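Since the structure is predicted, the reported quantities are computational estimates derived from the model, not experimental observations.
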Amino acid sequence: MTGRVQLALNVDDLDESIAFYRKLFGTEPAKVRPGYANFAIADPPLKLILMENPGQGGSLNHLGVEVPGTGAVEAEQARLAGAGLASVDERDTTCCYARQDKFWVQGAPNGERWEIYTVLEDSAVSGHVVCT
C-alpha cells in the first residue's frame, strides 16, 4: 500500500493543541477550520487530524491511510475484501473539510475505526462533525 498513515485525535482545545503539535513536528497546519485542523507532516509521513470535541480530549477519533487516488481506494478495498474484511463505502462524501472517496474497514478486534481514503478536493464545509 502506498500512502501515509492518518491519526485523528479528539482534542478539548483546538488552539492549544495546534500550538503543541506545531512545536512537536516543527511545521504549520495544512488546514485550520472551526473545530478542525490537520497537519500534513513529511517526516515522519503522517496526516495528523485534530477534531475539537470538548470532554473527549486525548481520545482517538479514528485512524486512516490516505492514498493517492480513487483507484488506490478501490484497489485496497478489493485487497481487503479478498482477505475477508468487510467495508462500508463512502464515495463522494464530505468529511474533514474535504470531498473524499473512501471506505471504512469493519471488524477491527478492539473497535478501532480505520478508513482508507483519498481527498478529491477541498471543501468549505466540514461534513461529518465526528467522522464515522
Within this structure, what is the CD1-CG distance for the pair Ile49 and Leu7, rounded to the nearest 0.5 Å?
9.0 Å
Residue that, paired with Arg113, satisfies side-chain contact (heavy atoms from CB on, under 4.5 Å) out of Val105, Leu63, Asn61:
Asn61
Heavy-atom pair of closest approach, residues Gly55 and Asp12
N-OD1, 2.7 Å
Donor-acceptor contact present, side-chain Asn53 to main-chain Gln56, <3.5 Å
no
I'd like to check Phe39 versus Leu50 (side-chain heavy atoms, cut-off strictly below 4.5 Å). Are they in contact?
yes
Please report the interatomic distance CG(Leu120) to OG1(Thr93), rounded to the nearest 0.5 Å.
10.0 Å
Exercise: identify the closest heavy-atom pair between Ala8 and Met51
CB-SD, 4.5 Å
What distance do Tyr21 atom OH and Glu16 atom CD have between them, rounded to the nearest 0.5 Å?
10.5 Å
Just verifying a value: how many Å separate Arg99 CZ and Ser123 OG, rounded to the nearest 0.5 Å?
9.0 Å
Taking the side chain as everything from C-beta on, heavy atoms only, tell me whether Tyr117 gets closer than 4.5 Å to Asp101.
no
In the structure I gave you, are the side-chain heavy atoms of Arg4 and Val67 within less than 4.5 Å of one another anywhere?
no
Test item: Asn38 side-chain N/O and Leu48 main-chain N/O as donor-acceptor pair under 3.5 Å
no
Minimum heavy-atom separation for Pro29 and Ile18, please, with both atom names.
CG-CG2, 3.8 Å
Are the side chains of Ile41 and Thr27 in touch, meaning some heavy atoms are under 4.5 Å apart?
yes
Answer whether the closest heavy-atom distance between the side chains of Tyr36 and Cys96 falls below 4.5 Å.
yes
Under 3.5 Å, is there a donor-acceptor pair between the side chain of Arg91 and the main chain of Lys102?
yes
Looking at Asp122 and Arg33, is any side-chain nitrogen of the basic one under 4.0 Å from a carboxylate oxygen of the acidic one?
yes
Between Pro34 and Glu52, is there a side-chain heavy-atom distance shorter than 4.5 Å?
no
CD1/Ile116 to OG1/Thr118 distance, rounded to the nearest 0.5 angstrom?
11.5 Å
Does any non-hydrogen side-chain atom of Glu66 lie less than 4.5 Å from one of Lys47?
yes
Could you go step by step and tell me if Gln6 and His62 meet the side chain to side chain contact (heavy atoms under 4.5 Å, CB included) rule?
CA-CA 8 Å; Gln6 173 194 284; His62 66 278; 2.8 Å; yes
Using a 3.5 Å distance criterion without hydrogens, assess whether the side chain of Gln100 forms a donor-acceptor pair with backbone atoms of Cys95.
yes
Just so I know, are the side chains of Glu74 and Phe103 near enough to count as touching, which here means a heavy-atom distance under 4.5 Å?
no
